[in-house]
Protein chains: 2
Amino acid sequence: MDFGSDRRATINDVARHAGVAVKTVSRVLNGERAVSDTTRTRVQASIQALDYRPNAAARVLRKRVSRSIAYVCEDIAEPVQARLAGAIEAVAVEADAAMTVSVTHHDPAREQSVIESLLSRQVDGIVLWPTGVRSRFLERLGRIVPVVCVDRPIPGVETDSVFCDNQRGAEEGVSALIAAGHRRIAFVGDLPELFTQAERFTGYKQSLYAAGLAPDDRLVFRRRQDIPALAKQLAYWQLLPDPPTAIFAASSLSATTLVRTLPATADLQLVGFDDFPLADVVRGGISVISQEVPTMGTAAAQAIFRRLSGDRTGFTHTRVPPTFIPRNLVVRADRQSESFSRR
Amino acid sequence: MDFGSDRRATINDVARHAGVAVKTVSRVLNGERAVSDTTRTRVQASIQALDYRPNAAARVLRKRVSRSIAYVCEDIAEPVQARLAGAIEAVAVEADAAMTVSVTHHDPAREQSVIESLLSRQVDGIVLWPTGVRSRFLERLGRIVPVVCVDRPIPGVETDSVFCDNQRGAEEGVSALIAAGHRRIAFVGDLPELFTQAERFTGYKQSLYAAGLAPDDRLVFRRRQDIPALAKQLAYWQLLPDPPTAIFAASSLSATTLVRTLPATADLQLVGFDDFPLADVVRGGISVISQEVPTMGTAAAQAIFRRLSGDRTGFTHTRVPPTFIPRNLVVRADRQSESFSRR
DNA sequence: GTGAAAGCGCTAACAT
DNA sequence: ATGTTAGCGCTTTCAC
């Protein structure tokens, strides 16, 4: 075991081997046209013979671009963030660039430190899934390197962005429940201060409003949740004179926790935001609003490369509409005893 | 928008600003001790004042190490591979290194091309989830840079490795079924030529053998699978004079496809290899053998850094035992009509 | 179409 | 404890 102990060939070695100047080798490497076919062939043969690989560090030092983009997210093990990584990587390799992945674990301090490290490494751009905490550092970041925010913005800081159209998605899901005859629809979500949660809640209320249904604060649960907390909430709902017949779960965590909490026989229709594995199976199939993750990742990475190719126009804000996947959503005649307006 | 147009400060600027030589700044940057406290403080102040960030490219060019490791996998969106990425990244940041992620999509040609690109970028080591196809290139790779294989080896090539103990895991799962009174246990797996599948099948047979149960080829299904194919196989099994009462699914894909295929009422006990979301819920809870992904990722990344810190001893081969998670595994008295040996 | 020389920003080697 | 010089491997500039 003796990694690279035999000094790797440099451009000088290739030039000597081919009997040309280094600049000529450089021209071949970079596909510049001002090289005769014979020279080019000879140089390429020498490259082969010496197993030469250009030293990216030297090239970066000289050209000041690294052909590498960074993806900074909260948790690469989380399915949506992992799939986004796949889409970004695909665009990167296509552009002959590398993708580094850094993880913040929702920690603003770590967010700053990993980004500092990336800047030191001369990354050409950053796809950022922000922690959602503003800072002087993040305010200036966009001046140093192209930044595209995904999932949510940096509060108070404008960057290029690619978000899911959360409100529209939620509207679609809740409207489907209304169309299926539900009039009492509960909302289960995460902390209200989260950007995506706020948008989805707005969509929920908007759909109720459009259908002429009165919102009811008692049907809204927006807290960090676990099975005991949800069990308690469900028990409370059952005691209401007019209990909910359906629940809109504003995150896949909410939806899966509900699945684990609800008795198998509970007569409650579920719609969830974000698809999740086996959503097609549990409780006879749960309808979901599914984010178009590949589309979002591709758009985010392309936004970076657009900036790199010199585009200095204003910020672009892309909203990717999610897809509603109906599953086991049957119209329930018994729930339509009262007439009400429907979209 | 004008990324970094104002030339970024260099070590020269800092030296001038602090009134010292560049080498002194370099010493402060690298934490060398041979600097007086007063100079150090002054240099650090200048670094702050100029918002100086060392240029990693120049450093890499000079020091010949990049403090970056590569994770090359088949599909970063796949849960196990994504979680492994998280564990590797954690070790990397701890070592002040970056992690790049490259994806092969099971394509040996792409595997080679992404690795070539990484070598050009001077990565210090590679954690490789191989496509499983041998090549001259991969044979030589270990001579150029430290390589740790995860999940499976490069056929015919020895490297450091961190694998799941597939056989032992399968034995544990099948033994649990036997202990619960099952005598007719079917095997559902992916293509037999896959390394992990072969090991898990060995474990399955070994458990049957140890319990004195006769293996039955009719109960073995090892093919690329979908719902129609599995439905056909299940129908066939039901027609046997002695149909299986349990199934060992050798991958989470097999297990989830079975869940989608089996009628809800089917009286078949399932044990799966690899945990999967909602395995605790579907069919009353499915027992699984769960890989210790964080342990594996940490071990793999550490193996790289061990090599980087100069360890040139022989290859290490780490087998991480998976954990059996019993769920809803009841001993079925009616299945114990015949006596048989049990471990 | 090709080449020589300078220099990107840093650190190793060798002063002092 | 601090400084000077050379050079890592490449591309840029400018010659020819």
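In what follows, chains carry the letters A, B, and so on, assigned in the order in which the sequence lines appear, proteins first and then strands, with residues in each chain numbered from 1.
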(request) For atom CD of B:Glu193, decide whether the heavy atoms of other residues, nucleotides or ligands shown that lie under 6.0 angstrom number more than 12. (result) yes
(message) For DNA chain C, which residues of residues 13-21 of chain A approach it to below 4.0 angstrom with any heavy atom?
(response) A:Val20, A:Ala21
(request) Supply the atom-to-atom distance A:Glu292 CD to A:Thr298 OG1, rounded to the nearest 0.5 angstrom. (result) 11.0 Å
(message) Does A:Glu116 have more than 12 heavy atoms from other residues, nucleotides or ligands lying within 6.0 Å of its CD?
(response) yes
(message) Looking at every heavy atom in both B:Gln122 and A:Arg8, which two are closest together, and how far apart are they?
(response) OE1-NH2, 3.7 Å
(message) Measuring from atom CZ of B:Arg83 to atom CG of A:Asp75, what distance do you get when rounded to the nearest 0.5 angstrom?
(response) 10.5 Å
(request) Please check the phosphate of D:dT12 (OP1 and OP2 only) for any side-chain N or O of A:Arg64 closer than 4.0 Å. (result) no
(message) I'd like to compare against my own output: the B/S/- annotation of nucleotides 10-16 of chain C with a strict under-4.0 Å heavy-atom distance to protein.
(response) BBBB---
(message) Does either side chain, that of B:Arg306 or that of B:Thr316, offer a donor lying less than 3.5 Å from an acceptor on the other one?
(response) yes
(message) Check this for me: B:Glu94, atom CD, are more than 12 non-hydrogen atoms of other residues, nucleotides or ligands nearer than 6.0 Å?
(response) no
(message) Does any part of the side chain of B:Leu138, heavy atoms only, come nearer than 4.5 Å to the side chain of B:Ile115, both counted from C-beta?
(response) yes
(message) Whether the B:Thr39 and B:Arg27 side chains hold a donor-acceptor pair (N or O, under 3.5 Å, no angle test) is what I'd like checked.
(response) no
(message) Counting only heavy atoms and a strict 4.0 angstrom limit, can you tell me which residues of residues 35-45 of chain A come near DNA chain D?
(response) none
(request) Determine the sole option in B:Phe315, B:Trp129, B:Phe163 for which the side chain to side chain contact (heavy atoms under 4.5 Å, CB included) test with B:Cys149 is passed. (result) B:Phe163
